[in-house]
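See structure below.
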Amino acid sequence: MNYSTTIANEHFDHLLLNAGGIFCESVDQLEKIQHAPGAGAVMTKSATAEKRAGNPNPRYFTYPDHHNTINAMGLPNLGIDYYLDYVLHHQLTLPTILSVVGLSEEEILANLKKIQASGYDGLIELNLSCPNVPGKPQIAYDFDTTDHLLDRIYSFFTGHLGVKLPPYFDMAHFDRIAKILNQYPLAYVNAVNSVGNGLVIDPETDRVVLMAKGGFGGLGGAQIKATALANVRALRLRLKPEIKIIGTGGVTTGRDVYDHLLCGADLVSVGSQLAIEGPSIFQRLEDELEAIFAEKHIESLDQVRGKLKRLDEAE
Ligand code: DHB
């Protein structure tokens, strides 16, 4: 299959990348994704202005079924200068997306100003949806704040920007966020971040599994697939075509990648299952996807992308 895909000025030869937060905190980890067979891009860990240790351990838990996770990482990262140096000065094999975040609007703006001043011309992802910093709400659940922030960003910013969104669960919220995002020259949206503030209980001890936040944490893995697909589909139906979509959530098999494509994803990222299996997962998923294309006699991505059918439409 020809997987050739473009977002803004970046060209991708494969569809899959690491989801934010997974295998992307250190140069050592990032390099493993750069060189993973089947990987199409690399996402860096969301960077704050200063490096952060994150929340106390245990802060990441894999369910015994090996397909689901809950985390309360709390944005451990090595700081914007570290990741900016990586994308500017390392020999990168794959298109690399620089992810930024901030604990305040001013910090976000300062990070973007620093990136712009550096001359970096690649894709940037603004994380509007970290659920794990105690006392800090997920920005993109506050529609007025999101609109105001994007307005301030685009008063000076000329780079290629995407936004990472939290999952929405109400049709009125899909309408509302899409209407806001359509006002701006965004390169893409990434849907979805982890499903915030779930709670997992250890049946042996009757205790929570995470230290931070009383055990509340962001859910990932197979359990969030239907939510992720709904968000990709709902956004694809509402966003202007210039805004591309990275589909994230619930990918453990090639069929899951295929379903994200049907809903309209341009690229697909893998989080929990990448953490469980390691970077060899990209080739496995691509091989499974190829098998589906062969079985269905699909010869081009255009035959799949966004082609999900409703039951009241002709087959
Ligand atoms: C963290 C968790 C997330 O789900 C996310 O998108 C960003 C950051 C974290 O806790 O570090």
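Every number for a ligand or one of its atoms is a count from 1 in the order of the listing. Residue numbers run from 1 in the order of the sequence given.
Identified under the ring pair (Phe, Tyr, Trp, His ring centres under 6.0 Å) test for residues 30-79, with sequence neighbours left out: none. Judged as a ring pair (Phe, Tyr, Trp, His ring centres under 6.0 Å), the pairs with a partner in residues 148-200 (not counting sequence neighbours) are, in order, Tyr141-Tyr168, Phe143-Tyr168, Phe143-His173, Tyr154-Tyr184.
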Protein N/O near ligand 1 N/O, under 3.5 Å, which pairs?
{"from": "ligand 1", "atom 1": "4 (O)", "to": "Asn193", "atom 2": "OD1", "distance (Å)": "2.8"}
{"from": "ligand 1", "atom 1": "4 (O)", "to": "Ser194", "atom 2": "OG", "distance (Å)": "2.8"}
{"from": "ligand 1", "atom 1": "6 (O)", "to": "Asn127", "atom 2": "ND2", "distance (Å)": "3.4"}
{"from": "ligand 1", "atom 1": "6 (O)", "to": "Asn193", "atom 2": "OD1", "distance (Å)": "2.7"}
{"from": "ligand 1", "atom 1": "6 (O)", "to": "Asn193", "atom 2": "ND2", "distance (Å)": "2.5"}
{"from": "ligand 1", "atom 1": "10 (O)", "to": "Met73", "atom 2": "N", "distance (Å)": "3.4"}
{"from": "ligand 1", "atom 1": "10 (O)", "to": "Gly74", "atom 2": "N", "distance (Å)": "2.6"}
{"from": "ligand 1", "atom 1": "10 (O)", "to": "Leu75", "atom 2": "N", "distance (Å)": "3.4"}
{"from": "ligand 1", "atom 1": "10 (O)", "to": "Asn132", "atom 2": "ND2", "distance (Å)": "2.8"}
{"from": "ligand 1", "atom 1": "11 (O)", "to": "Lys45", "atom 2": "NZ", "distance (Å)": "3.0"}
{"from": "ligand 1", "atom 1": "11 (O)", "to": "Gly74", "atom 2": "N", "distance (Å)": "3.4"}
{"from": "ligand 1", "atom 1": "11 (O)", "to": "Leu75", "atom 2": "N", "distance (Å)": "2.5"}

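Between Arg176 and Asp170, none of the side-chain N atoms (NZ, or NE/NH1/NH2) sits under 4.0 Å from a carboxylate O, so this pair counts as no salt bridge.
Asn9 and Asp121 share a side-chain donor-acceptor pair at under 3.5 Å.
When the ring pair (Phe, Tyr, Trp, His ring centres under 6.0 Å) test is applied to Tyr82, no partner is found at least two apart in sequence or on another chain.
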Please determine whether salt bridge (Lys or Arg N to Asp or Glu O under 4.0 Å) holds for the pair Arg152 and Glu106, giving the CA-CA distance in whole Å, both sets of side-chain angles, and the decisive distance to 0.1 Å.
CA-CA 10 Å; Arg152 289 186 72 189; Glu106 299 313 319; 3.0 Å; yes
